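I have placed the structure first, in the form of structure tokens, so that the comments after it can refer back to it.
These figures come from a predicted structure and were not determined experimentally. Each chain gets a letter, A, B and so on, in the order its sequence line appears, and its residues count up from 1.
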Amino acid sequence: MLAPTTRAPRWTSQRRVLELHLSELHKCGDLDRLKQIQAQVYKSHLHRDPFVVPKLVSAYSLCGRLPGALSAFHQVPSPNTLLYNTLIRACAHGSRSRSLAFDAFFDMRRSEVFPDNFTYPFLLKACLGPSALSQVEMVHAHVVKLGFLCDIFVPNALIDAYSKNGGLGLVAAKKMFDGMPERDTVSWNTVIAGLVRAGDVKEARQMFDRMPERDTVTWNTLLDAHAKAGEMDEAFELFERMPERNVVSWSSVVSGYCKKGDMEMARLLFDKMPTKNLVSWTIMISGYAEKGLAKEALSLFDQMENSGLEPDVATIVSILAACAESGLLALGKRITSYVGRNKLMRTTHVCNSLIDMYAKCGCLDIACDLFEGMVERDLVSWNSMLQGFAMHGHGEKALDIFFRMKREGIRPDGVTFLGVLCACTHVGFIEEARKYFASMERDYGIVPQIEHYGCMIDLLGRGGLLKEAFDLTKSMPWEPNAIIWGSLLGACRVHNNVEFAEEAVNELIKVEPSDAGNYAILSNIYAAAGRWDGMSKARVQMKGTGAQKPAGSSWIELGDVVHEFTVGDRTHPESDRIFMMLDRIGEHLKKAGYFPRAYS
DNA sequence: ATAGGGTTAG
């Protein structure tokens with residue numbers, strides 16, 4: 001028998017309605033709606049209600065408005081465990097507010113509000129960055145002291161947090177896993193994911209084979225690991241063997257074949273997918289875009305829209321990155337017009353991707369207009385613009401950007417200095433470059449990475465300061481890589497220095513023995529110096545390694561067709577006319593007094 | 001009554 005309906009007191013039903021509205025916000029994330037509801041909360045005097053406020057806090061967090069979450073939190077004079085937990089989760093969510101999660105936690109402890117088993121998984125999400133490992137260790141100690149290891153969610157979250165901290169963290173994660181009295185599928189999946197992240201696909205696979213019960217996530221993790229490692233035979237074998245496939249499984253194989261460049265196979269599987277979501281479309285479109293296949297990418301983008309799916313920020317950013325990589329301006333412009341029609345797309349992130357894409361495609365004027373038109377510029381915006389100018393040889397403009405960002409109080413990072421040093425190279429500012437390089441760590445606390453050394457070495461070498469360039473190479477805290485030896489070698493060629501060149505090329509061959517270009521360069525250097533003995537030695541050396549030099553290529557986009565050219569290639573339909581034009585240009589150059597170097 | 005961990009696009 002059902003009990004007769006009892007009428008709840010008016011204030012209770014009002015609160016129920018508000019709670020319901022607030023939990024609906026979890027899905028849509030509508031900020032205006034949230035503000036309306038918050039006004040209702042105030043009007044009903046529920047802004048201190050211990051069950052309503054947590055919902056407000058998480059709704060604000062889901063809308064990406066941490067200040068709103070914080071102010072809702074601060075309305076409550078003495079927050080309880082639930083409210084603190086929601087706040088910690090809200091802070092852990094954003095990338096800039098992670099330290100606030102710990103502030104909230106310490107505040108919670110000071111107020112003698114007791115953490116529970118829900119507190120720690122949230123707090124562990126906030127452990128990222130340089131001091132993450134010690135943070136995880138601290139949380140681990142708390143957990144042990146308060147005895148929350150018995151809730152399997154907590155050790156699982158610990159495994160995840162530990163495993164995100166490199167080799168040392170992975171050791172701790174495995175130790176945690178081994179010490180658990182009981183493990184569930186998530187425990188296994190988390191260690192396996194950690195191993196994959198660390199690049200140890202082999203051990204991940206061993207654990208996968210040892211696992212008592214695998215779910216779709218387990219299969220997907222390993223499938224994707226193989227796909228990302230370029231091992232598509234293994235990936236496809238797992239894909240066929242797995243008992244159940246979902247969108248993620250299909251997306252992973254499609255993505256794997258795209259990365260391998262096997263677009264036919266990728267497309268075949270993409271067409272066979274039982275259900276496609278925004279992610280799968282993004283993978284396929286970006287795959288085409290990255291390969292410069294404009295027609296396919298454009299037509300697929302239209303098909304996606306026709307199927308009723310709205311691209312989101314991630315889709316747009318991903319496609320734009322692919323366009324930037326291949327120089328696919330046509331699709332980039334199509335995306336730009338899409339962004340222009342959608343107010344939701346006017347985010348800093350999207351704008352940054354547009355600037356990067358236009359800059360890399362050589363349209364610096366458009367990139368510049370976009371940059372100047374931005375209302376809110378973040379570090380990435382400044383870096384993209386700076387890098388864009390530097391990359392295309394506009395050293396002064398790049399440095400102007402650097403001075404402007406300093407004036408506006410933006411803290412530069414390592415990427416900024418990479419752009420600055422690159423700009424100095426283009427304008428031959430050796431003295432300035434030395435100054436900036438020295439100021440990185442001293443004034444900004446940025447430890448120069450091997451890329452920064454590479455820039456400096458390149459710059460000194462180009463300037464003819466070969467001795468200084470070699471000295472810097474040897475004083476680096478790392479073993480020089482192929483890029484560094486290569487740029488030293490380039491400098492030796494320009495400045496006709498055979499002694500240094502011999503050393504550089506021998507080192508280059510040590511780190512990159514299968515690149516035939518290196519032997520060719522060595523041989524050319526001997527030839528130029530009239531040392532025929534050395535020349536034939538280099539030729540023999542190359543034969544011995546079976547090295548092959550992949551042909552370099554250049555390409556240009558006209559309309560929406562990308563024309564690609566390689567050395568000696570005569571497959572282009574207009575080939576004869578192109579070579580005729582090249583000859584004419586060559587004549588003009590000679591008349592203007594330019595003679596190509598004998599060896600380059 | 002209340003909220004939580006692992007995989008895929010960036």
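Across all strands, A:Asn277 comes closer than 4.0 Å to no nucleic acid atom at all (heavy-atom distances). Across all strands, A:Thr86 comes closer than 4.0 Å to no nucleic acid atom at all (heavy-atom distances). Across all strands, A:Ala314 comes closer than 4.0 Å to base atoms (heavy-atom distances). Contacts of A:Leu223 with the nucleic acid, taken as non-hydrogen atoms under 4.0 Å apart, are absent. Residue-level contact check: A:Asn246 touches neither bases nor backbone, having no heavy atom under 4.0 Å from any strand. Here A:Asp116 lies in heavy-atom contact (under 4.0 Å) with a base.
Distance A:Ile316 CD1 to B:dG10 P: 13 Å, rounded to the nearest Å. As a whole-Å value, the separation of A:Leu124 CG from B:dG6 P is 10 Å. Rounding to whole angstrom units, CG of residue A:Leu123 and P of B:dA3 are separated by 20 Å. Across the protein-nucleic acid pair, A:Ile319 atom CD1 and B:dA9 atom P stand 15 Å apart, rounded to whole Å. Whole-Å rounding puts the A:Asn189 CG to B:dT8 P distance at 12 Å. As rounded to whole Å, 11 Å separates atom C1' of B:dG6 from atom CG of A:Asn220. One atom, OH of A:Tyr288, and another, C1' of B:dA9, lie 17 Å apart when rounded to the nearest Å. The distance between atom CZ of A:Arg245 and atom P of B:dT8, rounded to the nearest whole Å, is 20 Å.
Closest to the side chain of A:Asp215, from the set B:dT2, B:dA3, B:dG6, is B:dG6. Checking B:dT2, B:dG4, B:dT7 against the side-chain heavy atoms of A:Val217 singles out B:dT7 as nearest. Taking every side-chain heavy atom of A:Asn117 into account, B:dG4 is the closest of B:dG4, B:dG6, B:dT7. Listed nucleotides: B:dA9, B:dT8, B:dG4. Nearest to the side chain of A:Leu278: B:dA9. The side chain of A:Asp160 sits closest to B:dG6 out of B:dG6, B:dG4, B:dT7. Looking at the side chain of A:Lys55, the nearest of the listed nucleotides B:dT2, B:dG6, B:dA9 is B:dT2. Side chain of A:Val186, nearest nucleotide from B:dT7, B:dA3, B:dG6: B:dG6. If you check B:dA3, B:dG6, B:dT8 against the side chain of A:Asp224, the one that comes closest is B:dT8.
The side chain of A:Lys228 places an N or O atom within less than 4.0 Å of a non-bridging phosphate oxygen (OP1 or OP2) of B:dA9. An OP1 or OP2 oxygen of B:dA3 is reached within less than 4.0 angstrom by no side-chain nitrogen or oxygen of A:Lys125. Considering only side-chain N and O atoms, A:Arg89 lies under 4.0 angstrom from the phosphate OP1 or OP2 of B:dG4.
Between A:Tyr120 and A:Phe148, the ring planes are tilted. Angles from 30° to 60° get that label.
Summarising the local packing, CD of A:Glu240 is surrounded by more than 12 heavy atoms from other residues, nucleotides or ligands at distances under 6.0 Å. The environment of A:His93 atom NE2 is sparse: at most 12 non-hydrogen atoms of other residues, nucleotides or ligands sit within 6.0 angstrom.
A ring pair (Phe, Tyr, Trp, His ring centres under 6.0 Å) with A:Trp281 holds for exactly one of A:Trp250, A:Phe301, A:Phe270; it is A:Phe270.
Between A:Asp209 and A:Arg205 there is a salt bridge, since at least one side-chain N of the basic residue sits less than 4.0 Å from a carboxylate O of the acidic one.
What you find for A:Pro79 and A:Val113 is that their closest heavy atoms are O-CG2, 3.6 Å.
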